[in-house]
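To find a chain, count down the sequence lines: A is the first, B the second, and so on, and within it residues start at 1.
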Amino acid sequence: AQDDKTYVIGVSIPSATHGFMGGLNWHAQETIARLEEVYPQLDFVLATAGEAGKQVSDIEDMLATRNIDALVVLPFESEPLTGPVKAVKDAGKFVTVVDRGLSVEGIEDLYVAGDNEAFGRVAGEYFKANLPSGAKIVILRGIATTLDNERVDAFEKAIEGSGIEVLDKQHGDWNRDKAFTVMQDYLSKYPQIDAVWAADDDMAIGAMAAIEQAGRTDEMWIIGGAGMKEIVKRIMDKDPQLPVNVTYPPALISSAIEMTALHFVSSTPVYGRFIIGSTLITPENAEQFYFPDSPF
Amino acid sequence: MTPALALKDVTKSFGPIEVLHGIDFDLHPGEVHALIGENGAGKSTMMKVLGGFLQPTAGEVLLDGAPARFHSGPEAEARGVVVIHQEFNLAQDLTVSQNIWLGREMGGFFLDHKAMRQATQALLEQLECRVGPDARVSDLPVSDRQMVEIAKALSRNARVLIMDEPSAVLTSHEVQVLFRQIDRLRAAGVALLYTSHRLEEVDHLADRITVLRDGAVVRRAVRGELTEDGMATAMVGRDLKDIYPPRRTDFGPVVLEVQDFAVPPLVEGIGFSLRRGEVLGISGLVGSGRTELAEGLVGLRPHTGTLRRNGAEVSLRSLSDAEDHGLAYLTEDRKERGLLLDKTLRENLTLSTLKRFGTPFLSRAAEEAALGKAIADFDIRAPKRDMAVGNLSGGNQQKLLLAKTMLPEPEVVIIDEPTRGIDIGTKSQIYHFIDRLAREGRSVIVISSDMPEILGLSDRVMVMRQGRVAGVLEGAAITETAVVRLVMGTSESEKATENA
Amino acid sequence: MRNLSLSTLGPLAALILLIVLGASLNDNFLSAGNITNVLARSAFIGMIAVGMTFVITSGGLDLSVGSMAAFVAGMVILAMNALQPSLGVGLPLALIGIGVALAVGLLAGLANGLLVTRVGIEPFIVTLGTMGIFRSLVTWLADGGTLSLDFAMREYIGPIYYGGILGISWPIIVFALVVVIGEIAMRHTRFGRYSEAIGSNDKVARYSAVKVERIQLLTYVFLGLLVGLATILYVPRLGSASGSTGLLWELEAIAAVIIGGTALKGGFGRVWGTVVGVLILSLIGNILNLANLVSPYLNGAIQGVIIVLAVVLQRKKTSAEGR
Amino acid sequence: MRNLSLSTLGPLAALILLIVLGASLNDNFLSAGNITNVLARSAFIGMIAVGMTFVITSGGLDLSVGSMAAFVAGMVILAMNALQPSLGVGLPLALIGIGVALAVGLLAGLANGLLVTRVGIEPFIVTLGTMGIFRSLVTWLADGGTLSLDFAMREYIGPIYYGGILGISWPIIVFALVVVIGEIAMRHTRFGRYSEAIGSNDKVARYSAVKVERIQLLTYVFLGLLVGLATILYVPRLGSASGSTGLLWELEAIAAVIIGGTALKGGFGRVWGTVVGVLILSLIGNILNLANLVSPYLNGAIQGVIIVLAVVLQRKKTSAEGR
Ligand SMILES: Nc1ncnc2c1ncn2[C@@H]1O[C@H](COP(=O)(O)OP(=O)(O)OP(=O)(O)O)[C@@H](O)[C@H]1O
Ligand SMILES: Nc1ncnc2c1ncn2[C@@H]1O[C@H](COP(=O)(O)OP(=O)(O)OP(=O)(O)O)[C@@H](O)[C@H]1O
Ligand SMILES: [Mg+2]
Ligand SMILES: [Mg+2]
C-alpha cells in the first residue's frame, strides 16, 4: 500500500490517571511526533479517555469525523470496547489492539500486548525462590479490574505450595497515596511482614514511604512492577529493599503504533499477535530498562 | 429649621413602571411624621429611597439640606438614617443578639459576646420583650421578630428613624411599649417617620401627616387637622362608611367541636365549638398560643384531643386532611409560610388548590381566570401580573394570601391576623367579605391582635392566655374592657362564670 | 416574554457558538453521522439529567446516579445471563432485561428518597452513601472484574442502541420523549409546580397543603426510573458493567442541570435548559476530538474554561438592587 | 446548653462508636502508632475541610480543592527542583517551597473567589471548571507522569511530615492549630459571624453593612491558603504530585463538613463538627484495613452505610414543627 495518499491513524488510549498510564501516554505522544516527522504521509489522531464510555465516544468520533484508516486502541475495558472496535473493523479499517484483548477473538489485525499472567507469575516465582516456607507477605492490588484479577491470580498460583502466607491483599488502586495508607495499616496490623508485592511501581513507592516511616525498612523487601525509572535506578544501585522488578513496559504502545504505521508505509504485511513478555529486572540487566527521559 | 431629611421632586421607577411621581417631602428633628396611604401607594418605596436602599430615578434626597447621594442602606445608616423595614430583615439562622449587632459587632479582633448579650438584654428589657438574647430568630413568633427589629433599630442611635408598619404584627400592649420609645426619641430630637394602617395610632402619634395616593402626595396636614375618617377619605379618595358589617343573628348547627385539645408544649385543655354562619374571634397576648392552636387544629402541628366536624370525629394529620374536611388556615407568617416570594402571583394563588386546575395537565387559562377573579375580588394592585410576589407591596401580598386561602372555598376558615398591613379601605372590604362568608353559611375563626377588629367582627370572642382558654364572651358581653381584662388575666373569678 | 430572557438565551448562545466552532474546525462535524453520535451519547446523561432537574428543583441532590447506573446495568446483565439458558436469545429475554432495569432503578431511587424524606438525612449524605454502596455492590458482583452480557444476546439487543426508525436512532428518540415528558411535567403538571414550590420554600409548600415528602420522594423515584431507562440504552452499547461504569456521571448530570439554568438551591427548574447543558458538555468532548487543538493533557482545562464561559454568557448583570 | 444539643453529640457518638468498634476488632488500633497514622493522614483533608466549612457556611461550595492540592504540590515541586541547583538543599529552599505553596494556594482560591463574587457565577460551576483546569495543568506539567521532588531535598524535608515535637508529628500539630484558629474565627470573629449571616440570608447581611462579596471572597482565599498549607505537609510525605494526587478530596472534605453538622445550604457552620467528620471518615478506612471483615470489594458499601448511620445518629426527630 504505497502511494501518495495520506493515511490517518487514530490512537485511543486511557488518560494518564496513574504512573503507568502516564508513561504510556508519554510514549504514545513521543512515537506519534517521531512518526509524523519521518512519514509526512501519515496523520495521527490521539484521544485519551478517563472512562470506557468516553473511549467509545472517541472512537465513534474518529470514525465519523476524522476518516481514520487505522485504529490503535488500548481498551479501557475489554467488554465495552468490543462492539465499537468491531464497528471500526467492519467499516474496513485496520485495527490494532494493545494490551487488553477484546472479548471476541479475531476482530483485530494486529495485537500487541504485555503479559498480565506472566506479570504476576514472574513476581510470584521470585517470592517462591527467595522466601522460606512460613514467610509472611502482604499484597497491594490495583483498581478492581479483570486485569488486576489476572495478575493476582497468577501470583498466587505461582507461590502455591511454597508455604508462603499471604496475610492480606487490599486495593491500593495503583495510587501512591492509597498504597501509603494501606501499607501504614498493614504495618500496624502485622508485627511481622517479610515481603511486599505491590503490583505496580507507584504503589511500591507509597508502600516504601510507609515502611520507612515505621522504621521497618530492614525487615522486608518490596517487589513492584512495570519498571518505573526511579525504581529501576535503585535496582541498578543494588538497593536491598528493592531487589528486582517485573517489566510491563508502557513502551508497548510505541511498538503498536509503529507496526501500524509500517502497514501503511511499507510493503511488508503486518498482521498477528505480539506478546511482550514480562521479564525480571535484576541489578545485572537493569541498565537496559532505564529510560531517564520518560516521565514514568 | 432645615429638615433632617427631605425629598425634592423624587421619582422612582421599577423598569417601565413609575411608582413615585415627583415627591416633595421633609422630616424635621423632634417630630413624628406619619406617612399614610393605600396598599401599593408607594410608602415603602418612598421610605427605602429616604433610607438609601433604593436610588431615586430622578430628584434628590437631602440630608440636613445637602444632597445625600446614598448608594446603599448601610451608607445612610452610617450617617444616622435608620430604617425598620416592613419585610423582616433578620437572618433566621442567627440568634437575636447576633442579628441586632450584625455589621456593628462589639469587641476588637475578637467579638465581645458578653457585652453584646448584655446590651441586647438591656434593649429588650427597654422594650419589655421576654425574648432571650440567644434565642434563634427562626424559633420566634413574628411579633417577637418585630420587637427584635425594633431593638435592632434602637441600637443604632439614629438621628432619623424610619419605621415601615412597625406595629402591624404587634398586639396593643407591645404597641404601647413602642409608643413610649417613640415619645422618648422624639423628645431627644430624633426625626421619626412612621407608617401604619391603624389610623388611631397615626392620630395618637403624628405631629404631621402626609397622605400618598398612587405615588403622589395628595394631602399634607398637621396634628389635629385630620380625623381618622378624614385620613381614610384622603387616602382612598372617597368616603368610607360602615367599616364593620352589621352583626349576624341566625346561626346553624355546630360544625366544629373541639374537646380537650392540646398542642404541646404550650397549648392544653382547649374546648370550644363553632356554629354554622358564626364568626369566632380569638384574642390574646403574643405568645398566648393562638397560632399554635390554629396550626394544631388544621393538622400542621402534632396535637392531642378530639375534633368533631359536623358531629363526626375526624383526625387531621396534615393540612391536606384538613382541606378534605373543608378547613382552611391563613398563616400569620406571610413571608416564611404564606407566599413563595420568588414566584408569580398565579403560581402562589393556585398552589394549595392545584387539583382544581386540571389533571393531569394544568390549565393556564383557568389559573389566569382565577387570578383575574382574585385581583378583582380582593382589589390586589399589581403593576404586572407576572411579577414576583416579593415585589408586591406588603398589603397586596396579604390580599393575595387571603385570596389563596379562600380559593378552596372552605366551610371553616381560620384566619390568623387577616388584615395585617392592609389599608383601611381594603380592610373594610375584607370585613364585608368575612361577613359574606358567614352569611353564606360558612364559619370563620378570626385570630387577631387588633382589638377593634375583634370587637367589630366577632359573634363570640374566645380569649387565650398562656395556652389555655381564659374565657369566652358572647353578644353584648363583648366589650373592650371585658376582653382586655381576660387578656391580661386581671379577673380570675370572672373566668369561671363566663366560661360556663 | 419572561421565558425568553437572557438566562434562557445564554446557554443557547453558548451552544450555538460551540456548533459554529465545531463546524469551522471540521467539515464532518455537521454530518449526519456525527450529529447522531453526539445526540445518542448525550442521551444517557441527558435522561438522568432530566430526572436530576426535578430532584434539584425541589431542593434535593443525587450523587449516586452514576453508580446507580452501574448497579442497574450489573443487575440487568446478571438477570439476562441467568435466564438466557432457559429463555434463549430473543424478545422475551430482552423484555425481562428492560423490566429488571426499570425495577432496579425504581427501587434504588425509592431507597434514596425514603432515606431523605422519612429518615430526614441531608440528600448529599444519603446519596454519597448510596453512591459508595451501589458501586461496591457492582464490583463485588463482578468479583472485581467486569460483568458481561453473553455475546449472542448482545448482538441481539445491539439494535436498541444502534438501530432506530427513519434514520433516527433509538437513544435519540427515547431521549427526545423523556425531554418532552419532563418539560410537560415541569411546566404543566402539579408534580412540576410542587417541585418548584418545595425548592423555593418548603415551609410555604407545607402550609399550602402540598405533600412535601411525597413529592420529594417522587422526584428521587422518577430519577431512579430514568437511570433505569438510560441503562436500558447503555447496556446494548457497551454490553458490560464494572466498578468503573458510569464514573462521574453524577457530576456531569448535575453540571448539565446547573449550566442549563436550574438553581442549585432549588425553586426553579428548566428542563430545556438541562438539555442544552447536556449538549454543551457532549459537544465540548466531541470538538476536542475533532481537532488536535493542544496536548490531550489540557483537554480537561479547556473543558473547564468552556463550562465557565457558557455560564458567564447566561448571567445577567447583577446589582445590589436586583438581589 | 444549646451547644451540647443532640446534633453536636450525634457525630461525636458516631465517632466514639467507631473507636470502640476499631478497638474491639484489632488490638493495635489504639496503639500510639496507629493513632498517629490516622490523625496525620486526617490532617490534609482536615485542614481543607476546615476551610471548606467557611465556604459552605457562607453559602458557597468548592469542588476544586482536590485538584488545587495537586496543582499546588506540582508547582512546589517544580519550583524546588528548579532552584535546588542554585540554592542547594537546605532551609532556604524549604522556605521557598512553603512560600510557593501558600502563594499558589492563595492565588487559586482568589481565582475561584473572584469568579464567584465578581463575575457572579454559581460556585458549583466555577469550581467544577477550575477543578478540571487545575488537574489538567498538573498532568500537563508532569507530562502525564509524576512530578517528583529531587531525592536529596525530599530526605531533607521528610521530617516535616514524619517528625514532630514531643512525639506528636507536625501534621497533627498544624492540624490542631488550624482547627483552633478555625473554631475561634468561626465563633469569635466578625469573619465567622458574617459568613454565617451571609449563608443565612445574604440580603439581610448586605442591609447590615456586611461586605458580602468581600467576605465570600475571603472564604475562598482562606480555603486556598489552607489547601496550600495542607500541601506543605503533603509534599514531604511522598515527594511527588501527579494527575491523580488529591483525587476526590473535594468530596471527602465536603462530606466531612456535612457529617459534622454544617448545613449544605449555609447559614450555620461548626468547625468542631468538621473535625469529627474528618476523623469519622479516616477511621472508617482505617478500620476496614485493620479488620478483614468482608470482601475488600465491599469496603465502599460499608463506608457508605457508616456515613449514613453516622448522620442518622445526629438527626433529631423531624416533624412539621422542627423544620
Ligand atoms: N422591586 C420592585 N419591582 C417592581 N415593582 C415594585 C418593586 N417594589 C415595589 N414595587 C411596586 O411599587 C408599588 C409601591 O409599593 P410599596 O411597597 O411602596 O407600597 P406601600 O405603599 O408600601 O404599600 P403597603 O401598604 O401595601 O405596604 C407597588 O405597586 C409595588 O408592586
Ligand atoms: N419553637 C418554635 N419554632 C418555630 N416557630 C415557632 C416556635 N414557637 C413558636 N413559633 C411560631 O410562633 C408563632 C406562635 O405564636 P403563638 O401561638 O405563641 O402566639 P400567638 O398567640 O399566635 O401570638 P402572635 O401570633 O400575636 O405572635 C407561630 O407562628 C409559630 O409557628
Ligand atoms: Mg409597604
Ligand atoms: Mg399568632
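The choice from K178(A), Q170(A), Q184(A) that makes the most heavy-atom pairs within less than 4.5 Å of chain D is Q184(A). With respect to chain D, the highest number of heavy-atom pairs below 4.5 Å among T48(A), N175(A), N25(A), D177(A) belongs to D177(A). Heavy-atom pairs under 4.5 Å with chain A peak, among N34(D), N28(D), L290(D), at L290(D). Between chain D and the residues D168(A), D173(A), I205(A), L187(A), the largest count of heavy-atom pairs under 4.5 Å involves D168(A).
Taking the six-membered ring for Trp and the full ring otherwise, W249(D) and Y234(D) have centroids separated by under 6.0 Å.
Proximity to chain A involves both the backbone and the side chain of S240(D), based on heavy atoms less than 4.5 angstrom apart. With a 4.5 Å cut-off on non-hydrogen atoms, Q29(A) does not touch chain D at all. If you measure heavy-atom distances from R237(D) to chain A, the contacts under 4.5 Å come from both the backbone and the side chain.
Classified by interplanar angle (parallel below 30°, tilted 30° to 60°, perpendicular above 60°), the ring pair H171(A)/Y297(D) is tilted.
When all heavy atoms of S15(A) and M21(A) are compared, the closest pair comes out as O-CB, 3.6 Å. Of all non-hydrogen atoms in R135(D) and T139(D), the two that sit nearest each other are O-OG1, 2.9 Å.
A salt bridge links D202(A) with R176(A): the distance from a Lys NZ or Arg NE/NH1/NH2 to an Asp or Glu carboxylate oxygen falls below 4.0 Å. Salt bridge status for R154(D) with D150(D): absent, with no side-chain N to carboxylate O gap under 4.0 Å.
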